[in-house]
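Okay, so here's the structure we're looking at.
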Amino acid sequence: MSTLLVRNADVLVTMDASRRELRGAGLYAVDGFIREVGPTSELPATADVVLDLAGQIVLPGLVNTHHHLNQTLTRAFPAAQDAGLFDWLTAQYPAWTRIDAEASRVSTLVGLAELLLSGCTTVFDHTYLYQNGNSVDVQVEAAREIGVRFHASRGSMSVGRSKGGLPPDEAVEDEAFILKDSERVIDRFHDPRPGALTRIVLAPCAPFSVSADLLRESAALARARGVRLHTHLAETLDEERYTLERFGVGPVEWMDRLGWVAGDVWFAHAVHVSDDEIERFARAGCGVAHCPSSNMRLASGIAPVKKYMTAGVAVGLAVDGSASNDASNMLLEARQAMLLARLELGLRRESDVRPGDWMTAREALELATLGGARVLGRDDVGSLEAGKCADFFSLDLGAIDYAGALHDPVAATVFCAPTRARLTVVHGRVVVEDGRVATVDMAPVVERHNRLAAALARG
Ligand SMILES: [Zn+2]
């Protein structure tokens, strides 16, 4: 049995049912699960690991609901800096097709390190290119090494350019093999138990790179095995044109016909949807990964996040892939979500804006914690309360970021843009200490990563 005690945090944000924000508080955890949360004086006096967090704010670990960690290798890629989704993808497919097992490992570590340093403790990654030895296995091993809670996709692309898809033929895989490998990685890695550090998700890439058959078969396999489903949807008007031309219906209707508008599915982006489609999502119980920075970066549009929330759709936040953000900072993403929702108000007629339409800082934090947990189908993360996983992070309230805002440090965590966690703990394990990754020596990883990225950029 291993015990962990957090003491004396200036503020501890619980995200529990009554959204308590405790002063002079901490928590006590046993074997990675929280036993008690409360004022320091009411907690046990000692533990195997004692963390005195005076001068800091503690929050539940952030949950990232959509990423492409391998894309750290093509950040700020010259040919893709100023392009919308389809041109951006087309410019990078050849480089991504050359990512091998080693490049996948180091890019996964780099992306995960950046997330951990911004307080993110649970990560979903949507990889869908497995050429040259890249595999789910490589990524799961990297995630275990660095210590993050990891939901890995067995993603896929099966419709290449010669069959009318967007990706080049050498980037896609055989459908029978995709399904076989999906079963293999579920058998090998998927852990359905509470507190699981590794789960598998089946995630065909997008309507313009997989077939109807693969979507149907993936859903059948996921449902037989009790794993969740994910894909990109309604990200851009390019995509809407594609499904209208090829399938005669919009993206949401297309997915609905294939059994994909359902409670075990969440979609990345879901920017271009009608009010009726929002209601369909709510009725079906499917979720949305909102990626504000990426949607701005690629000029995709503004997702109707407040409408989703009002309708009861589960919404989580995501930094999206590292080539369309190009940062993996969850704290900044929460701030972008708040700001983008407000920009949308400014684009409406004044008479169409009601006070409740404003996204608050606390709502943005809720999307980044509880919202993400709901989207990933987890009731054991996203808040700090007895029975939940000991996943949390702290920020230094003495830092310049908070100066002048200590009357409301919780709101300031979104408004004032602190970017670096001082401490990050996943399942009771310290993974970031004093603002540095504690589990992996990142300097040689970054050096290797830069060499591999340079080689990809050279072509
Ligand atoms: Zn994506």
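These numbers were taken from a predicted model, which means no experiment stands behind them. Side-chain atoms are counted along with the backbone in the values below, which use heavy atoms only and exclude waters and symmetry mates. Indexing begins at 1, ligand by ligand and atom by atom, following the structure's order.
- Side-chain atoms of N325 and S294 form no donor-acceptor pair, as typed in the model, at a separation below 3.5 Å.
- Proximity of a side-chain donor or acceptor of W266 to a complementary backbone N or O of G377 within less than 3.5 Å is not detected.
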(request) Starting from the C-alpha separation in whole Å, work towards a yes-or-no answer on side chain to side chain donor-acceptor pair (under 3.5 Å) for H449 and T72. (result) CA-CA 9 Å; H449 184 268; T72 57; 2.8 Å; yes

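- Taking backbone and side chain together, H67 holds no N, O or S atom under 2.8 Å from the Zn ion (ligand 1).
- Within the coordination shell of the Zn ion (ligand 1), defined by N, O or S atoms under 2.8 Å, H126 is absent.
- The aromatic ring centroids of H151 and H230 lie 6.0 Å or more from each other.
- When the N, O or S atoms of D320 are ranked by distance to the Zn ion (ligand 1), OD1 comes first.
- With respect to the Zn ion (ligand 1), H68 has NE2 as its nearest N, O or S atom.
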